[in-house]
Amino acid sequence: MEFDAVIFDLDGVICSTDEYHYKAWKAMADGMGIPFDRTINNRLRGVSRMASLEIILEKYEGPALSDGDKQRLAEQKNDLYRESLHEMSTADLPAEVKETLDALRAMGLKLAIGSSSKNTPFILGQIGLGGWFDAVSDGNNITRSKPDPEVFVKAAEMLGMPADRCLVVEDAVSGAEAGHRGGMKVACVGDAAKNGAGDWNMESVRELTDIVKG
Ligand code: B16
Ligand code: MG
């Protein structure tokens with residue numbers, strides 16, 4: 001086997017929360033009169049909540065905002081986002097993802113989450129994967145956002161695996177960079193795959209079962 005562990009990004013890999021993030025940021029930006037569209041939204045993929053806000057504020061032209069103002073704007077977005085997460089259920093875990101996770105576990109691999117999101121435990125619960133992974137490293141246990149490798153390095157530590165035995169799965173270019181900076185190989189889907197950011201750029205997560213074999 002080429003790898004002993006797989007570390008999965010959450011949003012955009014295990015499930016799709018993109019649209020919920022977009023709508024919540026859009027409502028906040030509209031309220032502030034800040035231009036915001038899907039092109040800017042694309043830059044928020046894999047980026048932490050406060051770093052996402054800073055990207056959106058690049059187009060803000062009003063009076064200076066204090067740290068407290070920024071905190072409140074981020075909270076406003078997160079409250080809207082959390083509301084929409086209540087709509088998620090096990091139906092939001094795609095069959096190809098669940099079947100691939102089960103197949104990888106049956107092959108004896110350790111499986112972890114490496115996500116920038118502080119909402120990771122809640123989302124995993126909603127889609128029926130609460131307590132399922134061998135380790136969960138997320139926005140609650142890191143101080144530096146992707147492309148910093150911290151979230152993946154911590155996931156590997158939790159699993160007790162050296163970096164070169166771990167494969168990272170990502171949909172964000174920033175996340176692929178984080179995996180590489182952590183000394184890991186990266187398999188990409190979605191936006192990151194389109195950008196050729198991975199060592200493997202996949203059409204479907206189903207390809208992982210062959211990739212891990214080498
Ligand atoms: P939260 P991932 C990331 O999750 C999202 O891609 C990104 O859009 C979001 O800003 C970030 O989580 C923080 O999320 O506000 O819930 O803490 O792709 O790293 O699983
Ligand atoms: Mg992602």
Side-chain angles (χ1 to χ4, degrees), residues 6-29 36-57 70-88 92-94 97 111-127 129 133 135-155 168-182 184 186-195 197-198 201-202 205:
V6 185
I7 306 172
F8 289 88
D9 172 56
L10 180 64
D11 294 331
V13 171
I14 298 288
C15 61
S16 181
T17 47
D18 284 36
E19 199 57 23
Y20 298 142
H21 275 298
Y22 174 71
K23 285 191 175 139
W25 280 127
K26 178 79 179 140
M28 186 229 78
F36 180 68
D37 58 20
R38 286 178 194 273
T39 309
I40 301 171
N41 189 58
N42 217 24
R43 291 173 57 203
L44 312 185
R45 226 177 269 280
V47 175
S48 74
R49 197 179 306 161
M50 291 312 286
S52 296
L53 177 65
E54 290 297 343
I55 291 172
I56 293 169
L57 291 178
K70 291 181 184 178
Q71 210 65 48
R72 275 187 292 279
L73 289 172
E75 266 167 37
Q76 185 188 323
K77 180 266 173 178
N78 193 51
D79 288 347
L80 286 173
Y81 177 61
R82 291 275 299 201
E83 256 174 54
S84 54
L85 291 181
H86 283 277
E87 290 167 27
M88 289 188 93
D92 291 291
L93 177 61
V97 174
L111 305 176
I113 288 287
S115 168
S116 301
S117 175
K118 293 188 170 173
N119 290 300
T120 294
F122 186 69
I123 295 170
L124 288 176
Q126 291 295 95
I127 61 176
L129 289 179
F133 286 92
V136 175
S137 175
D138 63 27
N140 300 297
N141 68 273
I142 56 168
T143 54
R144 295 179 300 276
S145 177
K146 299 170 186 175
D148 189 283
E150 185 181 15
V151 74
F152 294 128
V153 170
K154 291 234 166 103
V168 164
V169 188
E170 261 292 347
D171 73 308
V173 174
S174 61
E177 186 185 335
H180 284 141
R181 282 169 59 183
M184 298 165 197
V186 182
C188 290
V189 290
D191 189 65
K194 274 187 218 116
N195 283 286
N201 295 293
M202 309 181 289
V205 289

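Order of listing sets the numbers, starting from 1, for every ligand and every atom in it.
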Just do the side-chain hydrogen bond (donor to acceptor under 3.5 Å, both in side chains) check on N119 and D11 with the steps written out, would you? CA-CA 10 Å; N119 290 300; D11 294 331; over 6 Å; no

Taking the Mg ion (ligand 2) as the vertex, measure the angle between atom OD2 in D9 and atom O in D11; round to 10°.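 OD2 of D9, the Mg ion (ligand 2) and O of D11 span an angle of about 90°.
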
Answer side chain, backbone, both or neither: which part of S116 comes under 4.0 Å from ligand 1, heavy atoms only. both

Please work out whether any backbone atom (N, CA, C, O) or any side-chain heavy atom from C-beta onward of K118 is under 4.0 Å from ligand 1, and answer side chain, backbone, both or neither. both

Could you list which atoms of ligand 1 come closer than 4.0 Å to a heavy atom of [X]?
X	value
N119	1 (P), 16 (O)
Y81	16 (O)
L44	7 (C), 8 (O)

Determine whether any heavy atom of S52 lies closer than 4.0 Å to an atom of ligand 1. yes

For the Mg ion (ligand 2), what is the closest N, O or S atom on D171?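 The D171 atom nearest to the Mg ion (ligand 2), restricting to N, O or S, is OD1.
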
Mind checking whether W25 and I40 have side chains closer than 4.5 Å, heavy atoms only? no

Should E54 and V47 count as side-chain neighbours, where that means a heavy-atom distance under 4.5 Å?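 The answer is no; the side chains never approach within 4.5 Å.
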
H86 vs Y20, test: ring-ring contact (aromatic ring centres under 6.0 Å, His included). Steps then yes/no. CA-CA 11 Å; H86 283 277; Y20 298 142; over 10 Å; no

Do E150 side-chain atoms and T143 backbone N/O form a donor-acceptor pair below 3.5 Å? yes

Under the 3.5 angstrom rule, does the side chain of Q126 hit a backbone N or O of M88 as a donor-acceptor pair?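 Yes; at least one donor-acceptor contact below 3.5 Å.
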
Close N or O approach ([X], ligand 1; < 3.5 Å):
X	answer
K146	yes
S117	yes
V47	yes

Is a salt bridge present between R38 and E19, judged by a nitrogen-to-oxygen distance below 4.0 Å?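 Answer for the salt bridge query: yes.
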
Regarding R45 and D18, does a basic nitrogen lie under 4.0 Å from an acidic carboxylate oxygen? yes

With respect to I14, which candidate in V205, V97, D92, D171 satisfies the side-chain contact (heavy atoms from CB on, under 4.5 Å) definition?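 Of the listed options, the one satisfying the test is V97.
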
List the closest protein heavy-atom neighbour of [atom]: residue, atom name, distance to the nearest 0.1 Å.
atom	value
atom 5 (C) of ligand 1	D11 OD2, 3.4 Å
atom 6 (O) of ligand 1	G46 N, 2.8 Å
atom 15 (O) of ligand 1	R49 NE, 2.7 Å
atom 20 (O) of ligand 1	S115 OG, 2.7 Å

So, for D9 and S115, which heavy atoms are closest and what is the spacing to 0.1 Å?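 Heavy atoms only, the tightest pair is OD1-CA, 4.3 Å.
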
Ignoring hydrogens, just give me the one of L85, L10, D9 whose non-hydrogen atom is nearest atom 2 (P) of ligand 1.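 Shortest heavy-atom distance from atom 2 (P) of ligand 1: D9.
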
